[in-house]
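Sequence lines set the chain letters: A, B, ... in the order given, protein chains first and strands last, and positions in each chain run from 1. The analysis underlying the following values was restricted to heavy atoms, covering all of them including side chains, and did not include hydrogens, waters or symmetry mates. All figures in this text were calculated on a predicted structure; none of them were measured in a lab.
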Amino acid sequence: MSAQTWARRSVASLLAIAGVVAMAGLSRVRWRNPAAETAELRLSWRIPAPSERSCRPPTEAEIEGVLPHMRPSEVCTDEAIPYRLTVLLDGDTLHSGPVARAGGRIRAITVYERFAIAPGDHRIAVEFAPEAASASEAMAMAVNADVAAAPGDVILVAPDDTGRLRASKGS
Amino acid sequence: MLKRLLGRVLIRTDGWVDRLYGSKWNPLYQSGALVVLCLAVMLVTGLYLIFFYRIGAPYESIVRIEGQPWGGRWIRSLHRYAADGAVVAAVLHALRMFFQGRSWGPRALAWISGVFLVFLLYVCGLTGYVMVWDTHGQLLAAEGARLLDALPLFSEPISRAFAGADPMPSAFFFMNLFLHIAVPVGIVIFLWLHVSRVARPVLLPPRPLLWATVGLLTAAALVLPAALGPAADLLRLPGDVTLDVFYTFWLPWTRSVPPGMAWLAAGVASAVIVAVPFLTRPRTDRRPAPSFASTRLCTGCEQCYTDCPYDAIRMVDREGGRGGKVALVNPAACVSCGICAGSCAPMGVGPPGRTGRDQMSRVKEFVQRHPDPGEDIVVVGCGRSAAGAWAGDQARRFLVSCAGNLHTSVVEYLVRSGARGVLIVACPSRDCWGREGPKWLVERLFHEREAELKARVDRRRVRVAHASAFDQWSLEEAMDEFAIDLARLDAPVGDDAVEVETECDLAESAAPHDPSLPRTEHTLDP
């Protein structure tokens, strides 16, 4: 094998090895997730279709032409109860607004919100309640808690086994 | 402008890599086959890994695989690196096709199916990363859910599954596993579609390159095992994450922008890539015309039908009730490579202006212009090969659109006209824009393939060299070696009797000529 051929093959081999090493290197690029410099307040729960039923006797027009045994004794309508979510952090409002429902019909309300918060000690207050005072019998949930959040911590606000909101932190 | 500039970079890179590896083993020419090889490696290693993966404890099962003293760790790494290699090779393959202008017309199907293949490869790769369920997988799953929640697909936010209130259900990992296994079936279907318009598709690289690639990937897997991050913890924000640039390069960017913008960017990029065949096709008047077949000259030998690299020629019954077959070109499938022109002994098929007859007319003028052919080697070559960029005596250079387009009668004419030697310069065989030009050329010149170089031609005066446009070294080397060999031969003797018309008549006489048949060209309507 001539010196030129040997040199060429050596360069070719080194280039192939360098290519594979580069590929392996690019498949393990370290990246610092900037979100991990802060903590996160995370709200997550789902409540079944909160609605208000109002019933009244049927009007003459509604039962006209309906066979006697098919006539309803009352006509009911279900109206979705609008809910509001309020989140306070150290007394400042992080979020306050109505909670959107999924779908066009009366459906469950799902809350899933994430807020980046500065690491440190905080007092959090979360209130999830019907907007109308008349719906006071509907389910409402609230929590007030003092938490200490380190960078990368997730403070999860979610219902516990008894259905009451609770703020907890991962291990 | 940019396309032209990058095309030049590609040509130069090809030349340098040719110089190092030789055109036969240049991995850049095998990019498509390397993708298939990487898929095959993934399949084999994946079959092993699936036996040890547990959807009930995904991360723990990966840790167990990593702990296997002989198999697991490097097999998993090989699986990963093969997946990365597939992306690298697929991108190289797409860039080559784009810069070589091989992405429009009849090749549009291959381009679009190729884009879908890459998409499926990504789906497969991303589900694979989530399956590991380390911090990288967690981040990927959460970001994917955030992006999907921006679309009007789900009635409730699927991101809530990653809230951390409940442990991840096994169903989630089952779905990932299912997709990871089912998507390769889609890849096989699209791969079939991808090569459906080419004859004799080459799916694997030559054996030395195949084993070298597998060996290098295995060595990398042994020496640099794939990373495995800490176990996913939904109640911790992942801090330092090891990204795979080939699959998750987009992650840092999408996390910093609203989901709508991420979707907009992905949609625009995808639309542009899918539209490449329509955006890059030349104007109608600049497109090379498809081949046509003359029913008068066609002998029904089926050679053009056999040689066509794109299955664009069919043999149909000859009209007029005379029996026999005649070649018929489908213009919608013809890429105008001209290889059929070289395969037709009677010179009855080929693209307009590039048939054997057209070549014979040109070579006659060429010989008349050349004062003393006996002194020189005539360089005949594909315009895209090193012959096209050759800076030597232009009066000694005769170009054709593809080495496979060259009719052997042209070579015979040059030798019998007294040329000292004819050096035919073809593109590297795996980089032929017409796919099989160099292969058929060599077969016709030296192995008696139909439309062969006649026995009366001294084959010592004919040589084939393979050299890409930038690889002038190989051309010069081949020329020097050829000149040394020719110096050992007697001086060439010109044959005064050789006439281009005679040659064409000779070729035509081989056809079952029926004067009653009209002299019409026969093509399918597009």
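If you tally non-hydrogen atom pairs under 4.5 Å between each of A:Gly152, A:Ala39, A:Ala36 and chain B, the highest count goes to A:Gly152. Put simply, of A:Arg30, A:Arg46, A:Glu37, the one with the most heavy-atom pairs under 4.5 Å next to chain B is A:Arg46. Highest contact tally toward chain A, considering only B:Ser159, B:Ala226, B:Ala227, is held by B:Ser159 [criterion: heavy-atom pairs under 4.5 Å].
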### Query
Given B:Leu224 and A:Arg28, is the side-chain contact (heavy atoms from CB on, under 4.5 Å) satisfied, shown in steps?
CA-CA 10 Å; B:Leu224 301 163; A:Arg28 58 177 73 225; 3.9 Å; yes

### Task
Given side-chain contact (heavy atoms from CB on, under 4.5 Å), test B:Arg146 with A:Arg114 step by step and report yes or no.
CA-CA 11 Å; B:Arg146 186 179 80 97; A:Arg114 297 183 306 156; 3.7 Å; yes

### Task
Would you check, one step at a time, whether the test side-chain contact (heavy atoms from CB on, under 4.5 Å) holds for B:Leu235 with A:Lys169?
CA-CA 7 Å; B:Leu235 292 177; A:Lys169 203 169 81 169; over 6 Å; no

### Task
Could you walk me through whether A:Val154 and B:Leu237 pass the side-chain contact (heavy atoms from CB on, under 4.5 Å) test, one step at a time?
CA-CA 7 Å; A:Val154 173; B:Leu237 298 173; 4.0 Å; yes

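Both the backbone and the side chain of B:Arg19 come within less than 4.5 Å of a heavy atom of chain A. With a 4.5 angstrom heavy-atom cutoff, A:Leu15 touches chain B via backbone and side-chain atoms both. Contacts between B:Phe162 and chain A at a heavy-atom distance below 4.5 Å involve the backbone alone (N, CA, C, O). For a residue to count as touching a neighbouring chain, one of its non-hydrogen atoms must lie under 4.5 Å from one of that chain's; by this rule B:Pro152 does not touch chain A. For a residue to count as touching a neighbouring chain, one of its non-hydrogen atoms must lie under 4.5 Å from one of that chain's; by this rule A:Pro159 does not touch chain B. Proximity to chain B (any heavy atom under 4.5 Å) is shown, for A:Glu113, by neither the backbone nor the side chain. Both the backbone and the side chain of A:Leu26 come within less than 4.5 Å of a heavy atom in chain B. In this structure, chain B has no heavy atom under 4.5 Å from any part of A:Ile155.
Taking CZ from B:Arg160 and OG1 from A:Thr110, the interatomic distance works out to 5.5 Å, rounded to the nearest 0.5 Å. A:Met23 contributes atom CE, which lies 5.5 Å from atom CG of B:Asp84 (distance to the nearest 0.5 angstrom). Once rounded to the nearest 0.5 Å, the distance linking OH of B:Tyr21 with OG of A:Ser13 reads 7.0 Å. Rounding to the nearest 0.5 Å places CG of A:Asn33 at 11.5 Å from NE2 of B:His136. Note that OH of A:Tyr112 and CD of B:Glu156 are 14.0 Å apart. Values are rounded to the nearest 0.5 Å. The distance from the OG atom of A:Ser27 to the OH atom of B:Tyr81 is 4.5 Å, given to the nearest 0.5 Å.
The number of heavy atoms from other shown groups lying within 6.0 Å of CZ (A:Arg56) is above 12. Environment of CH2 in A:Trp45: crowded, with over 12 heavy atoms of neighbouring residues, nucleotides or ligands closer than 6.0 Å. Annotation: B:Trp211, atom CH2; neighbour count of heavy atoms from other residues, nucleotides and ligands within 6.0 Å does not exceed 12. When the shell of 6.0 Å around CD of A:Glu74 is examined, it contains more than 12 heavy atoms from other residues, nucleotides or ligands. For A:Arg123, the CZ atom counts as densely surrounded, since its 6.0 Å shell holds more than 12 non-hydrogen atoms of other residues, nucleotides or ligands. B:Arg12 CZ: 12 or fewer foreign heavy atoms inside a 6.0 Å radius.
For A:Arg42 (side chain) and B:Ala163 (main-chain N/O), a donor-acceptor pair under 3.5 Å exists by modelled atom type.
Within the 4.5 Å cutoff, no side-chain heavy atoms of B:Thr242 are placed close to those of A:Trp31. Taking the side chain as every heavy atom from C-beta outward, B:Leu20 and A:Arg9 never approach each other to under 4.5 Å.
For the pair A:Ala35 and B:Arg255, the tightest heavy-atom approach, listed with the atom from each and the gap, is CB-NH2, 3.8 Å.
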